[in-house]
Amino acid sequence: MRLRSAIFDMDGTLLDSMYIWDHLGADMLISLGYTPRPDLEEHLKVLTLRQGAAYCRETYGIPQSVEEIVQMLEDRVRDFYYNEVTAKPGVKPFLSLLKMEGVDMYGATAADRQLAEAGLRHAGIDGYFKGMLACQEVGKGKDDPEIFER
C-alpha cells in the first residue's frame, strides 16, 4: 500500500521551535531585569499567554500592564517565527523524499496560522505543503481528532 498523504504537526516536529515556548517567560523576565524562579516554567506551561503575563506581573511585581506584557511576548514570538526558526534536523530530506514519492503533505498546528506559515517560509520548507489547518480555525485543540480529519 502506497502512502498518499501525510499530516504533520508543526512545532517540535517540523520546526525547531519548542525553545521559544519553553523559555518565553524566563527570557522576558530576564530582559526586564528579573531573575526567574526555578519553578517558573512549571507554573507557566498550563497557562495561556495572558494568564502567564498576569502571573508574572503579580509574582514578580512587574510594573507593565498585562496587555503590555502580552504584547512584548507576542512581539518576541512573531520575531522568532519570521526571522529565527529553523527546520528540525532531517526534516528537509524527509519532506523531499515524500514529495518525490507523490505524497500530499499537510500541516496541523495549535499556533497562529500566520506564525506557522512564516515559520515554514523562514525554515525553507513551505513549498512542500498542500495545505495547513490551525486549531483556531477548527475551534478545537489537537487533542480532538477533528483537525486531522478535516
Side-chain angles (χ1 to χ4, degrees), residues 6-99 105-150:
I7 304 168
F8 291 93
D9 179 42
M10 308 292 278
D11 289 306
T13 303
L14 295 172
L15 299 176
D16 197 1
S17 55
M18 293 313 293
Y19 174 86
I20 191 71
W21 298 109
D22 291 343
H23 300 283
L24 186 62
D27 289 348
M28 183 267 305
L29 287 168
I30 291 167
S31 76
L32 294 174
Y34 297 90
T35 301
R37 296 178 183 171
D39 63 348
L40 174 68
E41 299 307 326
E42 191 65 30
H43 286 285
L44 295 180
K45 72 179 181 181
V46 297
L47 303 177
T48 66
L49 201 62
R50 180 167 295 284
Q51 290 170 331
Y55 171 82
C56 287
R57 183 174 192 267
E58 181 179 316
T59 303
Y60 292 88
I62 298 172
Q64 287 86 351
S65 69
V66 170
E67 290 74 24
E68 290 171 319
I69 296 169
V70 167
Q71 188 61 57
M72 287 172 31
L73 296 170
E74 287 176 345
D75 290 347
R76 174 64 188 115
V77 169
R78 187 175 305 105
D79 181 64
F80 176 78
Y81 279 90
Y82 276 82
N83 302 304
E84 298 174 37
V85 72
T86 59
K88 295 275 287 188
V91 164
K92 285 183 186 181
F94 182 65
L95 295 177
S96 291
L97 177 63
L98 290 179
K99 186 174 183 174
M105 293 174 273
Y106 302 87
T109 184
D112 175 83
R113 175 187 267 282
Q114 287 183 318
L115 293 180
E117 289 173 345
L120 290 175
R121 270 192 310 277
H122 189 268
I125 57 174
D126 57 317
Y128 292 103
F129 296 92
K130 208 168 181 182
M132 179 190 327
L133 199 55
C135 290
Q136 65 205 35
E137 297 164 340
V138 175
K140 296 184 179 178
K142 288 189 295 183
D143 58 336
D144 188 287
E146 188 169 342
I147 191 169
F148 302 105
E149 291 170 353
R150 282 200 194 178

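All values below come from the heavy atoms of this structure, side chains included, with hydrogens, waters and symmetry mates left out. Just so it is clear, the structure is predicted and the values come from calculations on it, not from any experiment.
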K.L.:
Taking distance alone, no hydrogens or angles, what donor-acceptor pairs closer than 3.5 Å link side-chain atoms of residues 17-29 to residues at least two apart or in another chain?
P.N.:
residue	atom	partner	partner atom	Å
Ser17	OG	Asp11	OD1	2.4
Ser17	OG	Leu15	O	3.4
Trp21	NE1	Tyr81	OH	2.9

K.L.:
Would you be so kind as to tabulate the donor-acceptor pairs closer than 3.5 Å made by side chains of residues 87-99, with sequence neighbours excluded?
P.N.:
residue	atom	partner	partner atom	Å
Lys92	NZ	Ala123	O	3.2
Ser96	OG	Lys92	O	3.0
Ser96	OG	Tyr128	OH	2.7

K.L.:
CG/Leu32 to CD/Gln64 distance, rounded to the nearest 0.5 angstrom?
P.N.:
5.5 Å
K.L.:
Is there a donor-acceptor contact under 3.5 Å from the side chain of Glu68 to the main chain of Ser65?
P.N.:
yes
K.L.:
What is the minimum heavy-atom distance between Ala111 and Gln136, and which atoms define it?
P.N.:
O-OE1, 4.1 Å
K.L.:
Looking at every non-hydrogen atom in both residues, tell me the closest pair between Glu67 and Arg50 and how far apart they are.
P.N.:
OE2-NH1, 3.5 Å
K.L.:
Strictly by ring pair (Phe, Tyr, Trp, His ring centres under 6.0 Å), give each pair with a member in residues 39-60 just once, sequence neighbours left out.
P.N.:
His43-Tyr55
K.L.:
Would you name the heavy atoms of Gly107 and Met10 that are closest together and state the gap between them?
P.N.:
CA-SD, 4.0 Å
K.L.:
Excluding sequence neighbours, so at least two apart, what forms side-chain contact (heavy atoms from CB on, under 4.5 Å) with Gln51?
P.N.:
Leu47, Thr48
K.L.:
Quick check: closest heavy atoms across Phe80 and Asp16, and the distance to 0.1 Å?
P.N.:
CZ-O, 3.8 Å
K.L.:
Just jot down the side chain to side chain donor-acceptor pair (under 3.5 Å) partners of Gln114, sequence neighbours excluded, or say none.
P.N.:
none
K.L.:
Could you tell me the separation between the CZ atom of Arg78 and the CG atom of Leu73, rounded to the nearest 0.5 Å?
P.N.:
11.0 Å
K.L.:
Looking only at non-hydrogen atoms, find the nearest pair between Leu14 and Leu120 and report the distance.
P.N.:
CD1-CD2, 4.4 Å
K.L.:
What distance separates Ile7 CD1 from Lys130 NZ, expressed to the nearest 0.5 Å?
P.N.:
13.0 Å
K.L.:
Which heavy atom of Asp126 sits nearest a heavy atom of Arg121, and at what distance?
P.N.:
OD2-CG, 3.2 Å
K.L.:
Would you give the length of the straight line joining atom OG of Ser31 to atom CZ of Arg76, rounded to the nearest 0.5 angstrom?
P.N.:
10.0 Å
K.L.:
Under the rule for side chain to side chain donor-acceptor pair (under 3.5 Å), what residues qualify as partners of Glu74, not counting sequence neighbours?
P.N.:
none
K.L.:
At what distance, to the nearest 0.5 angstrom, does OG1 of Thr35 lie from CD1 of Ile30?
P.N.:
7.5 Å
K.L.:
Let me confirm one number: the NE2-CD distance from His122 to Glu84, rounded to the nearest 0.5 Å.
P.N.:
8.0 Å
